[in-house]
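Here is the structure we will look at, set down as structure tokens.
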Amino acid sequence: MSRCVAEGWLHLEAAREIFEIAGLNYDEIKVQAAKRRFKAVPLGLTASLTLKNSVKNVTSSNVVALIPGSKRADEYIIYMAHWDHFGRNPALEGDRIFNGALDNATGTAALIELAEAFQKLKRPPLRSIVFLAVTGEEQGLIGSEYYATHPLFLTVKTAAVINMDALNIYGPMKDITVIGYGLSELDQYIEAAAKESGRTVNPDPTPEKGSYFRSDHFPFAKQGVPAVYPSSGTDHIEHGKEWTLAKRDKYTAENYHKPSDEFDPSWDLSGAIDDLRLLFKVGYRLAMESSFPNWNKGTEYKAKRDADMAAVHK
Ligand SMILES: [Zn+2]
């Protein structure tokens with residue numbers, strides 16, 4: 001099948017309107033589309049589009065640090081966070097600087113904190129730990145895609161990738177969210193670490209946003225490397241779930257990808273510290289083992305991993 005001439009994203013409201021113009025009911029088709037025997041339904045509409053593009057080439061870098069393993073230095077655990085945001089927009093009135101304080105200065109700070117914690121261990125773990133600050137995430141996962149397809153350390157020897165993108169700024173949570181929960185055996189490591197601190201693990205509360213495909217772990221998944229994106233939980237110890245989700249929605253509406261994503265002294269980072277302790281344990285345990293956690297059966301990334309592992313670990 002040939003690809004569309006133009007591809008893009010639609011807001012839900014716009015999609016509903018298009019279905020209506022075509023005389024179709026969006027909700028009905030959506031239910032049908034979830035069924036195995038669904039066949040695509042032509043909309044019978046045409047559209048005229050004009051796209052105006054200008055291209056500017058810029059150079060940017062991924063930043064990589066490594067703590068060599070004490071026994072199996074050629075096997076790796078990667079912690080990752082994107083360091084870029086949107087720079088400046090001179091067309092804006094007032095504040096033109098995109099600080100990206102939450103997205104993703106928090107993740108970048110976490111990377112540095114984790115590196116320091118691993119560095120402070122009396123003895124480095126058996127496997128090497130890689131700290132990867134990738135660029136160009138906001139422009140389409142460019143830095144992570146580049147690394148995953150031009151890896152410094154063999155992807156087949158990379159046991160796991162843990163991505164951090166916007167930490168918890170709302171305080172301690174009873175749970176931790178895992179974007180990509182159910183996809184790989186990495187879940188069990190996160191569950192075990194969460195249990196130790198009396199926390200639970202939950203899947204993404206808003207999977208319709210497609211978060212698994214929208215941050216830097218995804219290019220690794222495509223290369224078969226088990227990759228997760230643990231994110232802040234949603235069940236606040238004091239205020240509960242609704243409160244947390246409302247806070248998150250407010251951030252998304254008012255500050256996400258805007259110059260107003262700025263540090264606020266009212267942030268409560270204690271929950272982020274809980275999350276980082278948990279992620280440290282996950283990485284440490286993985287770095288002390290010789291096993292390679294795999295994707296779960298039925299996952300689209302498993303075939304590539306199985307083939308790569310079979311070729312190398314004969
Ligand atoms: Zn981000």
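The model shown is predicted, which means the values in this text are computed figures rather than measured ones. Whatever order the structure lists ligands and atoms in, that order sets their numbers, starting from 1.
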Between E254 and K258, does any side-chain N to carboxylate O distance fall below 4.0 Å?
no
If I take every N, O or S atom of H85, is at least one of them less than 2.8 Å from the Zn ion (ligand 1)?
no
Can K120 and E116 be counted as an ion pair, charged N to O under 4.0 angstrom?
yes
If only atom types and distance count, is the side chain of R127 paired as donor or acceptor with the main-chain N or O of Y76 below 3.5 Å?
no
In this structure, the Zn ion (ligand 1) sits at the vertex of an angle between NE2 of H82 and OD1 of D103 that rounds to 10° as 90°
Indicate yes or no for a side-chain donor-acceptor contact from D274 to the backbone of M173 under 3.5 Å, with no hydrogens or angles considered.
no
Considering only N, O or S atoms of D165, the one closest to the Zn ion (ligand 1)
OD1
Can you tell me if an N/O/S atom from E137 lies under 2.8 Å from the Zn ion (ligand 1)?
no
